[in-house]
*Asks:* 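Just passing along the structure, written as structure tokens.
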Amino acid sequence: MITELKSFLKKYAPFSETELADLASKFKTRKLKKNEYLLKEGKTCKDLVFVQEGCLRLYYIDNDVEISVWFAFKHSSAIDIYSFISEKPSGYFIQAIEDSEVLFLPKTELLNLYRVYPKMQEMMRNFWEDAVLNLLDRFTALQRDSAEKRYLDLLAKPPYIQKIPQKYLASFIGVTPTSLSRIRKNIAKH
């Protein structure tokens, strides 16, 4: 169970096996039922979260419409970066879209680990850089690419299609569910 978390940490900094075992032991486990919230708008994101099993989505509400911003799959992170770093209330919700299990590290513990393991600062810097690059890619795609291209890009990532309800996919690529149906029909014709 902890093997995937260790791989995740090691992806961002060169920890020894002993360090990885100690770091992993600091994470706590939480199970979420489908539709249960990990974070609600107005609350502060205080945990670094690793998705052990399942899938979560980050979204906000605009004029009573849920806008999906991000999906966190198994063995990735689920976090509101702005709220976590600034310690300000979140404008987002993080919700399980299927039964899920997460491992989380409170920010207070993370700050303690910075002192014990200076490499943890390197790990988090690399993690933040990776997250920012992913956000920039997403922002650029929303600005530059057509809705059809954004949908085709999703098709190249099978977990998106298999796990995510169409209404969430539609808002993620910036269209209505009706528009997504049209896009899917057009693609099927070709």
Side-chain angles (χ1 to χ4, degrees), residues 1-2 4-5 8-9 12 23-24 26-114 120 123-125 127-139 141-142 150 154 157 159-177 180:
M1 171 172 142
I2 297 296
E4 297 86 2
L5 175 61
F8 178 79
L9 295 170
Y12 295 108
L23 291 171
K26 306 293 187 206
F27 282 76
K28 298 173 183 158
T29 303
R30 180 172 173 196
K31 291 183 186 288
L32 298 163
K33 292 285 184 201
K34 181 178 179 177
N35 297 324
E36 190 176 345
Y37 290 93
L38 183 65
L39 177 70
K40 288 188 176 181
E41 179 183 38
K43 299 292 182 189
T44 303
C45 184
K46 296 181 180 182
D47 300 312
L48 179 64
V49 176
F50 177 77
V51 182
Q52 183 65 29
E53 286 291 334
C55 182
L56 286 75
R57 75 176 175 127
L58 175 77
Y59 73 94
Y60 65 95
I61 297 175
D62 183 34
N63 294 322
D64 295 327
V65 177
E66 294 180 3
I67 309 295
S68 298
V69 176
W70 200 257
F71 298 100
F73 291 103
K74 179 176 171 177
H75 306 156
S76 68
S77 179
I79 191 168
D80 174 353
I81 296 170
Y82 181 83
S83 178
F84 184 84
I85 293 172
S86 71
E87 298 182 359
K88 292 181 179 175
S90 178
Y92 296 95
F93 296 86
I94 299 178
Q95 180 185 39
I97 61 173
E98 63 183 11
D99 288 351
S100 301
E101 181 178 331
V102 299
L103 304 175
F104 68 96
L105 182 71
K107 185 174 184 179
T108 52
E109 184 65 39
L110 175 65
L111 297 176
N112 289 334
L113 289 173
Y114 284 168
M120 195 67 184
M123 181 262 160
M124 288 305 296
R125 188 199 72 223
F127 170 73
W128 295 134
E129 287 174 359
D130 191 38
V132 166
L133 291 175
N134 282 315
L135 289 170
L136 288 171
D137 281 347
R138 172 137 169 72
F139 175 77
L142 283 169
R150 293 191 303 269
L154 285 181
K157 300 174 182 175
Y160 277 96
I161 304 307
Q162 295 168 6
K163 293 181 180 267
I164 300 173
Q166 293 299 309
K167 64 182 179 179
Y168 299 160
L169 277 180
S171 73
F172 182 73
I173 64 170
V175 299
T176 64
L180 180 57

*Asks:* Measure the shortest side-chain to side-chain distance between Y114 and L111 over non-hydrogen atoms and say whether it is less than 4.5 angstrom.
*Replies:*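 Side chain of Y114 against side chain of L111, heavy atoms only: contact under 4.5 Å found.
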*Asks:* Evaluate side-chain contact (heavy atoms from CB on, under 4.5 Å) for L110 paired with M124, printing each intermediate quantity in order.
*Replies:* CA-CA 9 Å; L110 175 65; M124 288 305 296; 3.9 Å; yes
*Asks:* Got a second to check how far L32's CG is from D99's CG, nearest 0.5 Å?
*Replies:*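 Reported value, rounded in 0.5 Å steps: 9.0 Å.
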*Asks:* Which pair of heavy atoms, one from V51 and one from A78, lies closest together, and at what distance?
*Replies:*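 In terms of heavy atoms, the two residues are closest at CG2-CB, 4.1 Å.
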*Asks:* Would you say that more than 12 heavy atoms from the other residues, nucleotides or ligands in this model lie under 6.0 Å from the OH of Y82, or not?
*Replies:*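 No, because the 6.0 Å sphere around OH of Y82 holds 12 heavy atoms or fewer from other groups.
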*Asks:* Looking only at heavy atoms, which two atoms of E98 and G54 are closest? And how far apart?
*Replies:*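 The answer is OE2-CA, 3.0 Å.
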*Asks:* Kindly indicate whether a cation-pi arrangement holds for R138 with F172, taking the cut-offs as under 6.0 Å to the six-membered ring centre and within 45° of the axis.
*Replies:*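 Yes, R138 lies over the aromatic ring of F172.
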*Asks:* Would you please name every residue forming a salt bridge (charged side-chain N to carboxylate O under 4.0 Å, His left out) with K74, sequence neighbours left out?
*Replies:*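 Only E53 meet the salt bridge (charged side-chain N to carboxylate O under 4.0 Å, His left out) criterion with K74.
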*Asks:* Measuring from Y92:OH to L38:CG, what's the distance to the nearest 0.5 Å?
*Replies:*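 Y92 OH to L38 CG: 15.5 Å, rounded to 0.5 Å.
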*Asks:* At what distance, to the nearest 0.5 angstrom, does CG of L135 lie from CG of D130?
*Replies:*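 Taking CG in L135 and CG in D130, the distance rounds to 10.0 Å.
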*Asks:* Just jot down the ring pair (Phe, Tyr, Trp, His ring centres under 6.0 Å) partners of F127, sequence neighbours excluded, or say none.
*Replies:*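 With sequence neighbours excluded, F127 shows a ring pair (Phe, Tyr, Trp, His ring centres under 6.0 Å) to F8, Y12, given in chain and number order.
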*Asks:* Less than 4.5 Å apart, any side-chain heavy atom of I164 and any of L154?
*Replies:*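 A side-chain contact is absent here, since even the closest heavy-atom pair is not under 4.5 Å.
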*Asks:* Backbone N or O of S68 within a donor-acceptor pair of the S171 side chain at under 3.5 Å?
*Replies:*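 Confirmed, S171 side chain pairs with S68 backbone.
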*Asks:* Mark yes or no: R57 above the aromatic ring of Y168, with NZ or CZ under 6.0 Å from the six-membered ring centre and no more than 45 degrees from the axis.
*Replies:*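 Yes, R57 lies over the aromatic ring of Y168.
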*Asks:* Before accepting this row, confirm whether a basic side-chain N of the pair K28/E109 lies closer than 4.0 Å to the acidic partner's carboxylate O.
*Replies:*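 Result for this pair is no, no salt bridge flagged.
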*Asks:* Is there a donor-acceptor pair closer than 3.5 Å between any side-chain N or O of S76 and the backbone N or O of A72?
*Replies:*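 Side chain of S76 to backbone of A72, a donor-acceptor pair under 3.5 Å: no, none is there.
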*Asks:* Under the criterion side chain to side chain contact (heavy atoms under 4.5 Å, CB included), which of R30, K31, E4 is the partner of Q52?
*Replies:*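 Exactly one candidate clears the test, E4.
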*Asks:* Can you find a pair of side-chain heavy atoms, one from Q166 and one from L180, that are under 4.5 Å apart?
*Replies:*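 SC-SC contact between Q166 and L180 confirmed.
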*Asks:* Kindly compute the distance separating CD (E101) from CZ (F50), expressed to the nearest 0.5 Å.
*Replies:*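 With rounding to 0.5 Å, CD (E101) is 10.5 Å from CZ (F50).
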*Asks:* Could you measure the distance from the CD atom of Q95 to the OH atom of Y59? Nearest 0.5 Å is fine.
*Replies:*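 One finds 4.5 Å between CD of Q95 and OH of Y59.
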*Asks:* For the residue pair C45 and S83, what are the closest heavy atoms and their distance?
*Replies:*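 Where C45 meets S83 most closely, the heavy atoms are N-OG, 2.8 Å.
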*Asks:* Find the distance between CG (L103) and CG (D47) and round it off to the nearest 0.5 Å.
*Replies:*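 Taking CG in L103 and CG in D47, the distance rounds to 11.5 Å.
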*Asks:* Donor-acceptor pair, distance only, cut-off 3.5 Å: does the side chain of S90 make one with the backbone of G42?
*Replies:*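 Not confirmed, S90 side chain does not pair with G42 backbone.
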*Asks:* Any sub-3.5 Å donor-acceptor pair from K107's side-chain atoms to I85's backbone N or O?
*Replies:*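 Here the side-chain-to-backbone pair exists.
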*Asks:* Quick one: do Y60 and E41 satisfy side-chain contact (heavy atoms from CB on, under 4.5 Å)? Show the steps, please.
*Replies:* CA-CA 8 Å; Y60 65 95; E41 179 183 38; 6.0 Å; no
*Asks:* Measure across G91 and D80 and return the closest heavy-atom pair with its distance rounded to 0.1 Å.
*Replies:*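 Heavy atoms only, the tightest pair is N-OD2, 4.2 Å.
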*Asks:* Could you pull out the closest heavy-atom pair between F84 and L48, with the gap in Å?
*Replies:*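 Result for this residue pair: CE1-N, 3.6 Å.
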*Asks:* Under a 4.5 Å cut-off applied to non-hydrogen side-chain atoms, are L39 and V49 in contact?
*Replies:*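 Not touching, per the 4.5 Å side-chain cut-off.
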